[in-house]
Amino acid sequence: MSELKKVKPALSKGTRDFLPVEVAKRNYIFEIIKSVFRKYGFEEIETPAIERMETLTGKYGDEGDKLLFKILNSGDFLKDVPKEDLAAANSPAALKHIAEKGLRYDLTVPLARYVVQHQDSLAFPFRRFHIGPVWRADRPQKGRYQEFYQCDADVIGSESLLNEVELTMIYAEVFKRLGVDVIIRFNHRKVIEALIAVINKPEFAEVIISCIDKIDKAPWEKIEVELHEAGLTKAETDAIYSSIVSNADNLWMDDGIKTNPSGEVAFNELSTFLKAINNSIPNLAYDGRLVRGLNYYTGVIWEVVLDKNSSANSNITMGSLGGGGRYDNLTEMFGAKNMSGVGISFGIERIYDVMEELNLFPPTISQGVQVLFVPREKEMEAFAFQQAQILRNKGIGAEVFLGNVKKQKQFKYLEDKKIAYVVEVGDNEQTSEKFRLRNTQTRDTQDGLSIQDIVAIMLQ
RNA sequence: GUGGUCUUAGCUCAGUUGGUUAGAGCAGCGGUUUGUGGUACCGCAGGUCGUGGGUUCGACCCCCAUAGGCCACCCCA
């Protein structure tokens with residue numbers, strides 16, 4: 001042991017440890033989300049952190065492939081690399097020989113693989129939710145990590161728009177229960193398709209979508225420049241501006257778009273969607289500027305943002321707290337027939353930050369026990385332990401402080417762990433079996449209690 | 001991937017134009033006091049100043065490289 005080199009304790013870039021109190025708060029969020037998911041019939045699944053590179057590559061574009069974490073093959077990993085690739089230091093060509101596995105980049109591609117692979121044992125329409133870490137070799141920033149959690153719910157194999165309605169209701173209920181005031185923005189991807197068709201520039205679809213996605217963050221003048229540089233004329237950018245930027249709240253009533261075949265589909269679907277919701281969700285708002293950057297969406301799309309009109313949120317800037325949409329081609333990449341899917345995602349890292357900022361976590365969130373017994377001397381530990389055991393047998397969380405008997409240490413422990421009650425055990429207590437119960441917060445004390453009295457008080 | 005900025009004890013930070021043994025608070029450890037307490041006081045320990053080079057008689061301080069944090073892009077959650 002003494003020969004082990006001592007190293008500074010440090011985390012790998014872009015990763016975090018969680019303190020007990022942080023885990024408790026994260027679990028609080030997870031539990032609320034899970035309970036709502038379950039109420040709507042979604043079942044939890046798990047998939048491995050590790051997937052075959054074959055499964056992962058080519059699904060996220062060139063940028064995405066670069067951000068995949070690769071796992072070096074075991075053993076002599078250079079053995080199978082062609083000599084010419086090694087000699088030329090051709091990393092991309094050598095990659096498939098040295099890394100057959102990688103860490104999952106999101107939960108959606110694993111879902112597609114999962115659904116195709118387990119078609120025979122799943123009940124369709126398949127409603128699942130999945131909460132777990134994913135990994136991206138991105139450059140870290142505040143709120144952006146190399147390891148972070150995603151929290152998704154999807155319905156696979158049903159085209160009914162009532163799925164969209166239910167998912168919207170899930171969003172509304174979760175954020176209401178968390179106490180975060182949000183606006184659920186929605187749009188339809190075919191509105192954008194119609195717009196692109198109207199200005200007749202299908203080859204620019206990607207850049208147009210990407211630019212509309214930036215409207216919230218950058219001034220229109222800057223976006224216009226980017227569109228011009230991509231090759232669009234002034235007339236075309238003007239058309240985009242008049243339809244989308246200046247008319248975002250009722251774009252879907254725009255005649256040009258509405259009479260286009262794609263626009264007509266969007267209009268009909270959104271009408272059905274809104275009719276089913278029947279004004280039951282007050283914080284739902286149409287926004288024609290919403291497109292979602294990901295290119296696999298084909299139908300209704302959502303994004304959840306803080307409600308700027310809520311006084312609580314006035315001092316906070318935060319990107320979207322969730323997003324989702326319908327996609328038609330999820331399973332195609334794995335050679336299965338197309339199954340339509342629709343899903344939502346909660347940005348739990350951001351939700352955590354917002355709730356921390358707004359002080360929305362309940363004070364009772366601590367996972368600590370209710371009662372701490374502090375032995376006055378080492379000799380009383382065994383007796384204190386017996387008392388704690390009596391509480392535990394009644395289902396009451398109790399702990400005996402088994403460290404240093406110095407009271408500074410004992411009371412510091414009590415405060416650090418935010419334990420509600422303290423009972424000191426000294427000679428008097430041991431002989432009389434009567435205790436003083438002290439409330440840590442109010443410092444109220446009750447004297448002469450038997451252990452059964454304490455049980456009764458705790459169970460009130 | 002591009003650019004900017006920062007890094008001194010476990011944590012938060014001082015540290016004079018480059019000059020002898022790099023400091024404080026908190027946290028940790030030990031002690032004194034206190035039978036009803038969470039206090040106060042005393043002491044101890046903890047640092048190759050992110051890492052590796054360079055300039056200099058001499059570097060926490062200047063230069064270069066590199067790692068990590070943060071910020072703005074790209075992209076995204």
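Bear in mind the structure is a predicted one, so any value in this text is a computation, not a measurement.
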Pick the [atom1] atom in [N] and in [M], then give their distance to the nearest Å.
N	M	atom1	result
rC49(B)	rU33(B)	C1'	39 Å
rC13(B)	rA9(B)	C1'	11 Å
rA67(B)	rG25(B)	C1'	30 Å
rA40(B)	rG58(B)	P	49 Å
rA72(B)	rU66(B)	C1'	22 Å
rA22(B)	rC61(B)	P	14 Å

What is the distance, rounded to the nearest whole Å, between atom [atom1] of [X] and atom [atom2] of [N]?
X	N	atom1	atom2	value
L414(A)	rU36(B)	CG	P	19 Å
W135(A)	rC75(B)	CH2	P	26 Å
E349(A)	rC76(B)	CD	P	18 Å
R136(A)	rC74(B)	CZ	P	17 Å
D62(A)	rC74(B)	CG	P	18 Å
D138(A)	rG69(B)	CG	C1'	15 Å
D353(A)	rC70(B)	CG	P	12 Å

Side-chain-base donor-acceptor pair under 3.5 Å for [X] and [N]:
X	N	answer
K406(A)	rG31(B)	yes
R436(A)	rG35(B)	no
R438(A)	rG38(B)	yes
R144(A)	rC75(B)	yes
R443(A)	rU36(B)	no

- Donor on one side chain, acceptor on other, R113(A) and T47(A), under 3.5 Å: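 No.
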
- Task: Report yes or no: do Y171(A) and N283(A) form a side-chain donor-acceptor pair below 3.5 Å?
- Result: no

Between [Y] and [X], is the closest basic N to carboxylate O distance under 4.0 Å?
X	Y	value
K39(A)	E173(A)	yes
R127(A)	E166(A)	yes
E303(A)	R292(A)	yes

Considering only side-chain heavy atoms of [X], which listed nucleotide, [options], is closest?
X	options	value
K412(A)	rA27(B), rC41(B), rG35(B)	rA27(B)
R139(A)	rC70(B), rU39(B), rG3(B)	rG3(B)
Y145(A)	rG68(B), rA77(B), rU39(B)	rA77(B)
Q408(A)	rU36(B), rC75(B), rA40(B)	rA40(B)

- Message: Just to verify, which of L360(A), I351(A), I131(A) counts as forming a side chain to side chain contact (heavy atoms under 4.5 Å, CB included) with I29(A)?
- Response: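 Filter result, single survivor: I351(A).
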
Does [N] have OP1 or OP2 sitting under 4.0 Å from an N or O in the side chain of [X]?
X	N	result
K66(A)	rC75(B)	no
K409(A)	rC29(B)	yes
K13(A)	rG68(B)	yes

Counting any heavy atom closer than 4.0 Å, what does [X] reach on the DNA or RNA strands: base, sugar-phosphate only, or nothing?
X	result
E303(A)	nothing
Y149(A)	nothing
G64(A)	nothing
T440(A)	base
E415(A)	base
G324(A)	nothing
Q141(A)	base
D106(A)	nothing

- Query: Between R350(A) and P140(A), who's closer to the 5' end of RNA chain B by nearest nucleotide?
  - Reply: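 Here P140(A) is the residue nearer the 5' end.
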
- Message: Using heavy-atom distances to pick each residue's nearest nucleotide on RNA chain B, tell me which of K222(A) and S345(A) is more 5'.
- Response: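 It is K222(A), whose closest nucleotide lies nearer the 5' terminus.
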
- For rA40(B), which nucleotide is its Watson-Crick or G-U wobble mate, given both distances must be under 3.5 Å? rU32(B)

- Counterpart base for rC11(B), defined by Watson-Crick or G-U wobble contacts under 3.5 Å: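 Pair assignment: rC11(B) / rG25(B).
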
- Can the ring centroids of Y352(A) and F361(A) be said to lie less than 6.0 angstrom from one another?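 So the answer is yes for these two rings.
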
- Quick one: CZ on R128(A) to CD on E44(A), what's the gap to the nearest 0.5 Å?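 Separation between the atoms: 10.0 Å.
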
